[in-house]
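Read through the structure below, which is laid out as structure tokens, and then see the notes.
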Amino acid sequence: MGLPTTVAPALLGKLLIRRQRGRELRARIVETEAYLGQNDAAAHAAAGLTARTAALFGPPGRAYIYLIYGMHWCLNVSTLPDGQAGGVLFRAAGDWSGPGRLTRGLDIGAGLNGWDLTRPGPLFLADDGYLPASIAVTARVGIRKAAQLPYRYFIEGEAAVSRPRGPVLSRFHPIAPERRGRVYSGIPCHGH
DNA sequence: ATTACGATCATCT
DNA sequence: GATGATCGTAATC
């Protein structure tokens with residue numbers, strides 16, 4: 001668990017695994033966005049606790065899934081302790097560019113809202129040790145409020161990163177866990 | 001290359 | 001009744 005702005009880049013390179021009757025799909029996360037609670041007008045949680053956003057205010061590591069524009073499901077994971085709102089939007093993974101195509105490809109809908117993504121099940125996160133070479137930071141896309149905040153992260157060179165990409169505001173190179181010391185900033189992922 | 005628009009509906013005011 | 005954390009297509013530069 002941790003701040004959305006810390007967890008969002010930490011999730012890049014991790015796997016989203018979807019298990020359903022007899023098949024397993026896995027997609028490497030290549031693009032994420034951070035959404036805070038208060039002080040972030042673009043966040044659904046900014047308006048306070050409602051029935052829709054309850055998962056964002058719940059325990060960390062839970063799926064927050066909502067319908068946008070009447071046709072696309074968007075997948076997020078809550079990252080802050082119970083009672084505090086904050087999440088990370090999965091914008092692209094595997095070959096699926098864009099949050100709507102991602103959920104369509106993995107057959108994710110409202111039925112998985114609130115699901116614990118940190119333990120193996122129908123939908124969960126996993127870490128196979130992959131380390132992105134270079135992560136770029138840009139402004140978030142598709143929003144009107146607080147659109148200038150540098151809360152979008154993607155793995156450079158990945159074709160599935162959604163458009164428009166916008167100017168890269170900064171970039172960094174992740175450090176391997178064994179060289180990072182004891183500080184771990186991501187939410188728990190199932191190891192391999 | 002960039003900009004505009006319509007589809008479609010759960011949620012909230 | 002208005003509003004989207006989108007996407008594909010079409011029009012225009």
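The analysis underlying the following values was restricted to heavy atoms, covering all of them including side chains, and did not include hydrogens, waters or symmetry mates.
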Each nucleotide N or O in nucleotides 8-12 of chain C that has a protein N or O under 3.5 Å away: list the pair and distance.
from	atom 1	to	atom 2	distance (Å)
dG8(C)	OP1	R101(A)	NE	3.0

Stems involving DNA chain B, each a run of at least 3 consecutive Watson-Crick or G-U pairs under 3.5 Å: B:1-7 with C:6-12, B:9-12 with C:1-4

In one Ile/Leu/Val/Met/Phe/Trp/Tyr side-chain cluster, 4.5 Å: Y64(A), Y69(A): yes

For the residue pair [X] and [Y], what are the closest heavy atoms and their distance?
| X | Y | value |
| --- | --- | --- |
| S162(A) | R91(A) | OG-NH2, 3.1 Å |
| I155(A) | V161(A) | O-CG2, 3.9 Å |
| E158(A) | Y130(A) | OE2-OH, 4.2 Å |

With V77(A), the side chain to side chain contact (heavy atoms under 4.5 Å, CB included) member among L16(A), V88(A), T118(A), L56(A): V88(A)

Nearest-angstrom distance from the residue atom [atom1] of [X] to [atom2] of [N]:
| X | N | atom1 | atom2 | value |
| --- | --- | --- | --- | --- |
| K145(A) | dA2(C) | NZ | C1' | 12 Å |
| I108(A) | dT6(C) | CD1 | P | 16 Å |
| L56(A) | dC12(B) | CG | C1' | 15 Å |

Pi stacking test for Y35(A) and dA5(C): under 5.5 Å apart, planes under 30°: yes

R140(A) NZ/CZ over Y35(A) ring centroid, <6.0 Å and within 45° of normal: yes

D128(A) vs K14(A), salt bridge (Lys or Arg N to Asp or Glu O under 4.0 Å): CA-CA, chis, key distance, verdict: CA-CA 7 Å; D128(A) 68 349; K14(A) 304 295 189 294; over 6 Å; no

Q38(A) atom CD, over 12 foreign heavy atoms within 6.0 Å: no

Residues, nucleotides or ligands: over 12 heavy atoms within 6.0 Å of W96(A) CH2: yes

Salt bridge (Lys or Arg N to Asp or Glu O under 4.0 Å) evaluation trace for R152(A) with E31(A): CA-CA 8 Å; R152(A) 179 177 182 232; E31(A) 180 185 357; 2.8 Å; yes

Considering only nitrogen or oxygen atoms on both sides, find all protein atoms under 3.5 Å from nucleotides 5-11 of chain B and state each distance.
from	atom 1	to	atom 2	distance (Å)
dT8(B)	O2	Y69(A)	O	2.4

Sugar-phosphate only, base, or nothing, as touched by R144(A) at under 4.0 Å among non-hydrogen atoms: nothing

Check against side-chain contact (heavy atoms from CB on, under 4.5 Å), L102(A) and R104(A): CA-CA 5 Å; L102(A) 165 59; R104(A) 183 160 172 60; over 6 Å; no

Phosphate OP1/OP2 of dT2(B): any R163(A) side-chain N/O under 4.0 Å: no

